[in-house]
Amino acid sequence: MPEDPPRPEWAPTDAGPEFASRVMPGADATGARAAAAPRRRALSLDEYVSGIQSGDRAVLARAITLIESDAPRHHVEARVVVNRILPSAGHSIRIGITGIPGAGKSTFIETFGLHLCGLGHKAAVLAVDPSSTLTRGSVLGDKTRMEQLARHPACFIRPSPSGGTLGGVARKSRETILVCEAAGFDVILVETVGVGQSETTVRSMVDFFLLIAITGAGDELQGMKRGIMELADAIAINKADGENKPRAESTRQQYEMAIHYLQPATDGWKTATRTCSALTGEGVPEVWTMIEEFRKTTAENGVLERRRSLQTIEWMNALLEEGLRARFLNDPRVAEERTKLQAQVLAGNLSAGAAVEKLLGLSREP
Ligand SMILES: Nc1nc2c(ncn2[C@@H]2O[C@H](COP(=O)(O)OP(=O)(O)OP(=O)(O)O)[C@@H](O)[C@H]2O)c(=O)[nH]1
Ligand SMILES: [Mg+2]
């Protein structure tokens, strides 16, 4: 079997040594030389699948790198891998976490994650931050805030995929959730920075959505204006420690009153409010108890399953629309005709609607 020529290093250079492996998918689909191979060798599809399913973290990291790659040939490989691990995915509780910058999301995840690992869970921490190309990854860029968790053997932390649109980042994160689940992680935490549409996007890929708020960060209840509160299954007022404790409790009460007027994010679940301190850990175990309660309730009343089904179908439709659009607009005939028609529209010889009709008609021609 002829060897593929070596391909350039494509993994992000800032992703740490374990992600910097030269991945040449497809170069050795037989897996025959798997055992004795050096680290920087391509993995076969079988190796990806069995590595993920046996919980091999290095293989998991490389699979995610494959998913995050923008090279079309990696898309094909990633699709096969994701499809093959699919039967072993899904057995986790997926938790989204949002909040304004400085609310304490990272600190909370550190404390919360360590608590979960202490209970025998395996936690994967991911991030959705479409701005990370510009900021070099603000979310989870600061692994220092999760230093202990990052070192914990039962935890896996993956920074936000960088580059591209929110849609692109979301696709990668959804597939990353699946491979983490297949690798045995039973709690998936998805952190998102509160910018633009990213909360809505993360809401559409998780079971439970937690808003981390703080007291005294402006007059308005955070998330009220932009409708984030309506996405949340719980609001945790963080930094309820020291002198701030009474104020945190009064902020909680304000939120509690405000949610009376809102539609709950999940049928049959009253949006909960809590206070906690990510720093001291007070109130953090209670957040987990609440999430377990949520899981029990929504599993029993069928809401959890319905939500996941709906999310999957919505995702499929989004991919379909994206695919149709790309396929159509990238067609050279369409591009050529589009330029001509644009000129006619500009000259006033053709209406915009008629031009689009003509263009769309192209797709029906052989
Ligand atoms: N007193 C107190 N300080 C906290 C608590 N949680 C976080 N902090 C502090 O708040 C600051 C911001 O915490 P981060 O965890 O980085 O906040 P973040 O929400 O992840 O911030 P971004 O990543 O910038 O969006 C840090 O200085 C933390 O030490 C808490 O429970 N109590
Ligand atoms: Mg953070």
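All figures in this text were calculated on a predicted structure; none of them were measured in a lab.
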Does this structure show an ion pair linking [X] with [Y], if we count only N-O contacts that are shorter than 4.0 Å?
| X | Y | result |
| --- | --- | --- |
| R158 | E68 | yes |
| E337 | R333 | no |
| E47 | R41 | yes |

Does [X] reach the main-chain N or O of [Y] with its side chain, forming a donor-acceptor pair under 3.5 Å?
| X | Y | answer |
| --- | --- | --- |
| K172 | I67 | no |
| E110 | Q148 | yes |
| R203 | L231 | yes |
| W269 | D233 | yes |
| H152 | A154 | yes |

For the student: nearest non-hydrogen atoms of [X] and [Y], plus distance:
| X | Y | result |
| --- | --- | --- |
| E181 | S92 | OE2-OG, 2.6 Å |
| H74 | S69 | ND1-OG, 2.6 Å |
| S160 | V169 | OG-CG1, 4.2 Å |
| K245 | A240 | CG-O, 3.7 Å |
| C276 | G283 | CB-C, 3.9 Å |
| S173 | V128 | OG-CG2, 3.4 Å |

- Might you work through the side chain to side chain contact (heavy atoms under 4.5 Å, CB included) test for I93 and I291, ending with a clear yes or no? CA-CA 9 Å; I93 178 99; I291 293 174; 4.1 Å; yes

Side chains of [X] and [Y]: donor-acceptor distance under 3.5 Å anywhere?
| X | Y | answer |
| --- | --- | --- |
| S198 | T192 | yes |
| Q311 | S204 | no |
| T275 | E249 | no |
| S277 | E282 | no |

- Task: Measure the acute angle between the ring planes of W288 and F112, then classify it against the limits of 30° and 60° as parallel, tilted or perpendicular.
- Result: perpendicular

Run the side-chain donor-acceptor check on residues 206-214: report pairs under 3.5 Å with partners two or more places apart or on a different chain.
unit_1, atom_1, unit_2, atom_2, d
D207, OD1, R308, NE, 2.9
D207, OD1, R308, NH2, 3.4
D207, OD2, R94, N, 2.8
D207, OD2, R308, NH2, 2.7

Would you compute the distance between atom [atom1] of [X] and atom [atom2] of [Y] and round it to the nearest 0.5 angstrom?
| X | Y | atom1 | atom2 | result |
| --- | --- | --- | --- | --- |
| Q263 | M229 | CD | CE | 13.5 Å |
| W315 | L310 | CH2 | CG | 14.5 Å |
| L66 | R73 | CG | CZ | 11.0 Å |
| T251 | E256 | OG1 | CD | 13.0 Å |
| L341 | E336 | CG | CD | 10.5 Å |
| L149 | I109 | CG | CD1 | 8.5 Å |

- Test salt bridge (Lys or Arg N to Asp or Glu O under 4.0 Å) on K296 and E300 and set out the steps. CA-CA 6 Å; K296 190 166 173 287; E300 279 169 8; 3.4 Å; yes

Does the side chain of [X] reach to within under 4.5 Å of the side chain of [Y], using non-hydrogen atoms?
| X | Y | result |
| --- | --- | --- |
| I237 | R274 | no |
| T271 | L262 | no |
| R338 | L329 | yes |
| K270 | P264 | no |

- Message: Enumerate the side-chain hydrogen bond (donor to acceptor under 3.5 Å, both in side chains) contacts for residues 316-330, please, sequence neighbours excluded, ordered by first and then second residue.
- Response: none

Is the number of heavy atoms from other residues, nucleotides or ligands within 6.0 Å of [atom1] ([X]) greater than 12?
| X | atom1 | answer |
| --- | --- | --- |
| D267 | CG | no |
| R307 | CZ | yes |
| E305 | CD | no |

- Please check if V284 and I157 belong to a single hydrophobic cluster, counting links between Ile, Leu, Val, Met, Phe, Trp and Tyr side chain heavy atoms closer than 4.5 Å. yes

- Message: Evaluate T215 against R247 for side-chain hydrogen bond (donor to acceptor under 3.5 Å, both in side chains), listing each step before the verdict.
- Response: CA-CA 7 Å; T215 191; R247 288 204 297 151; 4.7 Å; no

- Message: Would C180 and I64 count as a side chain to side chain contact (heavy atoms under 4.5 Å, CB included) here? Give the steps.
- Response: CA-CA 9 Å; C180 286; I64 298 172; 4.3 Å; yes

